[in-house]
There are 2 protein chains.
Amino acid sequence: MSNKLKIIPLGGLGEVGKNMMAYEFDGQILVVDAGLMFPENDMIGVDYIIPDFEYLYDKSHQVVGIIITHGHEDHIGAIHHVVPRVPAPIFGTQLTLGLVEVKLARNGLASKAELRRINAGESVQIGPFRVEFFHVCHSIPDAVGLGITTPAGLVVHTGDYKFDHTPIDNWPTDYAKLAEFSQRGVDLLLSDSTNAERPGWTPSERVIGPALDEIIKNAPGRVIVATFASLIARMQQVADAAVRHRRKLAFVGTSMVDNAKMARKLGYLLVPDETLVTVETALKLPPEQVVLMCTGSQGEPSSIIGRLSAGTNRQFDLLPTDTVVLSSHPIPGNEETISKTINRMLRLGANVIYDSIAPVHVSGHASQEEQKLMLNLVRPKYFMPIHGELRQLKRHAWLAEQMGLPKENIVVVENGQVVELEDGKLTVGERIPGGYVFVEGGAIGDADPDVMREREQLARSGIFIVNLSIDKYTNRLLENPEIITRGFVSNEDAETLIPLVRKRVIDVIHNGGLDMQKDIVDVVKTYLYNETRRKPMVFVTLTKV
Amino acid sequence: MSNKLKIIPLGGLGEVGKNMMAYEFDGQILVVDAGLMFPENDMIGVDYIIPDFEYLYDKSHQVVGIIITHGHEDHIGAIHHVVPRVPAPIFGTQLTLGLVEVKLARNGLASKAELRRINAGESVQIGPFRVEFFHVCHSIPDAVGLGITTPAGLVVHTGDYKFDHTPIDNWPTDYAKLAEFSQRGVDLLLSDSTNAERPGWTPSERVIGPALDEIIKNAPGRVIVATFASLIARMQQVADAAVRHRRKLAFVGTSMVDNAKMARKLGYLLVPDETLVTVETALKLPPEQVVLMCTGSQGEPSSIIGRLSAGTNRQFDLLPTDTVVLSSHPIPGNEETISKTINRMLRLGANVIYDSIAPVHVSGHASQEEQKLMLNLVRPKYFMPIHGELRQLKRHAWLAEQMGLPKENIVVVENGQVVELEDGKLTVGERIPGGYVFVEGGAIGDADPDVMREREQLARSGIFIVNLSIDKYTNRLLENPEIITRGFVSNEDAETLIPLVRKRVIDVIHNGGLDMQKDIVDVVKTYLYNETRRKPMVFVTLTKV
């Protein structure tokens, strides 16, 4: 039996090991997390992205377990894609499994998976992996990190974490366990790099309380708080402020309502029955007695905040007396959309509060000083930064180097790069193929780079279709060429251009030529470019009759 | 004669009055700035955007002057579009006019405009406007603000500014002039709101010096500094560090080379002849003796940094020993592109330094404490925040309110909204139509919102074209339907789908029907959606013969 542990961050470009990782020992595989990521601006038409776990397809019987570290979308959001493919038990804490259940139920997979509840502090043998779950603070309750022991050594996998000394649920990260690992000797630490570019210490989740309190106390009308549907800690803070100022609270939107319900049922969200109302009830109350909580803090056009800002929400409109609180930080790439959403809501007269105006959001991830503390608590032999793009990983590696960890004991890799721990030595192994899987509507997995490129081309200058029918014997036009354009020039300009193009097409046909279709495409392209400096995709359909 | 001064911020959504403003008194118009803005992520295919100055078209003979406050692109970048339309003298300081000249020359308009050089501290009568130019600090030398006196009163227009006590050119903002205005009594202040969400005081441009010095001193190979081509102050700092560490400096790229040349010629950029080399010479020197300065700090794919990161630069490649310094802050909306560019360069092994790693950039705009100082120095009766989106303007207005300015004396408007100063009273006047003008390739002005929407639609799921020829008497198909798709599904999937679609189209034709074309579109759309969950634009061209 080989003594080798393979560590495999799955997925393509983007945050390393964030959405899914695999640990492989002696032919048995432990999967950690099954999350999604949001598309980048140039991934047109894509709803979300899941890691490419094809690596697991023909090894699915070798998977001994799937651990979900916590209930955020980037860690559980792909679980319904994984469950039908990988028939392994899913391990998680109570709240995490509750949110997994919500997700599976919504995708018609309720009771299709074996859920095994674990508690922080427990140790569970999963195949050859002895996993010690330890509590970490994050912006959702019940998050855990992992100590994974195999004959290859002890690996500590932090998951998303911060060192919050005054968390909302009063349950700090398990320092003692980390110190205990260090006493035993940690061979490898994999640690969250999200905020590796941020100096200092991430503020406690608790600092948001007074800001929310102040806002809800002073708002002249409704308060609409937007955040992620899985930010259970934020729900608690808003609920507490609502209770204090005798307002009713309604959750709006399916995911928010479902998650809140599950979190309340399991005791992770405490809201008195008399405070919680449905949105229908809330809309009938005097505005100054109402707090609504919904999604859309990233300005997504299809979210409630997106629709409110555009005036297209069905159930209710934004009022000039409304106070909107965006209680989240922009996900990189969303800054522009969020800014536009803020401007639109201000234009409608609402008061909009976001993180540069008041402390209505703090990060759930460790900043540099916390990352250093993690390194010093765990004192690993080897260090592998995860959960970040290359820029954050490199920065995290640099921090570790500053602290005296030898450069050769730090390994920075990207997704698909296998790292191997064997006989106390860490080496970089093979690269496995794979990237992202785009999910569009219900379809998954078949949007390839060529298709993306074509879409960009279509978008750049639109299309120009010329449809011709020609007598196959005389090469005479049978009808006036039909021309269709989209996304090219305004209707007005098209009206001027189209007859001129038609004339040129007719000329080409009159002149004959060996490859009439190609000649027409060339003439039309050149003419359009000369007239408009644009290069639409030109299609000529030619019927010879 | 009416005593009314009209203040007109031109352009569409976006930063108010940033790229162009007009002051109108007694039928005579003073234009301030003629800049461009960069397209947003959803403005597909657009190169850049200029303000819609159609308002000036049939009043061009009424324009008595065009003042350019400083030489940055967002203030001079549209000048070559304005000059052919508006035959008025252009006023600016020496460096500003130098950069205007470069821009005009590059667009074949050299000597097509009358350039009138003014100096900070001077007062010039331009039609009914007495304009007092005062020096302001910004990230380019020779920037000015304006005191504009008409019978309607005294208006102070700050332009872009910061209160840098230790600017690179040792020329601080003209506090005395601002105080003097206040003694005379300022009716209206228009002030830069860019950083209205940033607390504190913007650091001095000088703090960058030591950071650049350290980097250039310690870099093992070439140092490549990327910034905007018009950031002349940054050029000076890089040149100084190059001299100190006995490296040669080369500017790379036309705009950088041209601007540096002009700035040197006019004495605003001091680089010893023996330090400055061409890029060709620099590439032949040992890497550790070289500093290159180029554009691309925003990650633009067509810029030198963009090409270096993608490995497609023609003249030279990025080396693993290179140190790349991104000396600028992301323009909102560019964060994702910049991040990708950084990751790509790191992947190539280069060291990349950007503002969260070292202080290699500071803002050129006043932060909140400076904005308050401006308000207290000028003590205006009315206040109108400019140079910002609604969110920044509202924040700037809030700051002024905190300082005791009555709410009713603060006016927040967006572009196109005329504000009128008459008999010591400020009121909001008419709205003039207009928005942005998109510049695509050489073409300007005709990309309208409908076209943008269509492009987005095209990009979302691609196109699907069905071409049919039918016997007009029997309604029989004359040929097998021709099908073309782009940006829809992969070729592989298309090969499976197309015959199935063809079959359904043939069925519709067999069944007849009143509106065959519409029926086919419906059937194809439904079928494609059911099979792929995507909604490409479907076009059916039908020739009846």
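Chain letters run A, B, ... following the sequence lines, proteins first and then strands; every chain starts at 1.
- Proximity to chain A (any heavy atom under 4.5 Å) is shown, for Glu389(B), by both the backbone and the side chain.
- Interface residue Asn467(B): only side-chain heavy atoms are found under 4.5 Å from chain A.
- With a 4.5 angstrom heavy-atom cutoff, Met537(B) touches chain A only via side-chain atoms.
- Both the backbone and the side chain of Ile357(B) come within contact range of chain A, with heavy atoms under 4.5 Å apart.
- Contacts with chain B were tallied for Leu542(A), Ile338(A), Ile463(A), Ile342(A); Ile463(A) has the most, counting heavy-atom pairs under 4.5 Å.
- Interface remark: Leu346(B) contributes backbone and side-chain atoms alike to the contact with chain A (heavy atom separation under 4.5 Å).
- For the pair Arg347(B) and Glu414(A), the salt-bridge criterion is met [side-chain N within less than 4.0 Å of a carboxylate O].
- The residue among Lys535(A), Glu479(A), Glu335(A), Arg391(A) with the most heavy atom pairs within less than 4.5 Å of chain B is Arg391(A).
- For the atom pair CD1 (Ile483(A)) and OG1 (Thr541(B)), the distance works out to 12.5 Å, reported to the nearest 0.5 Å.
- Rounding to the nearest 0.5 Å gives a distance of 10.0 Å between OG of Ser339(B) and CG of Leu390(A).
- The minimum heavy-atom distance between Glu197(A) and Ser356(B), with the atom names listed, is OE1-OG, 3.1 Å.
- Ranked by non-hydrogen atom pairs under 4.5 Å with chain B, the options Lys544(A), Lys394(A), Arg344(A), Arg395(A) are led by Arg395(A).
- Highest contact tally toward chain B, considering only Leu478(A), Leu468(A), Ile465(A), Thr485(A), is held by Ile465(A) [criterion: heavy-atom pairs under 4.5 Å].
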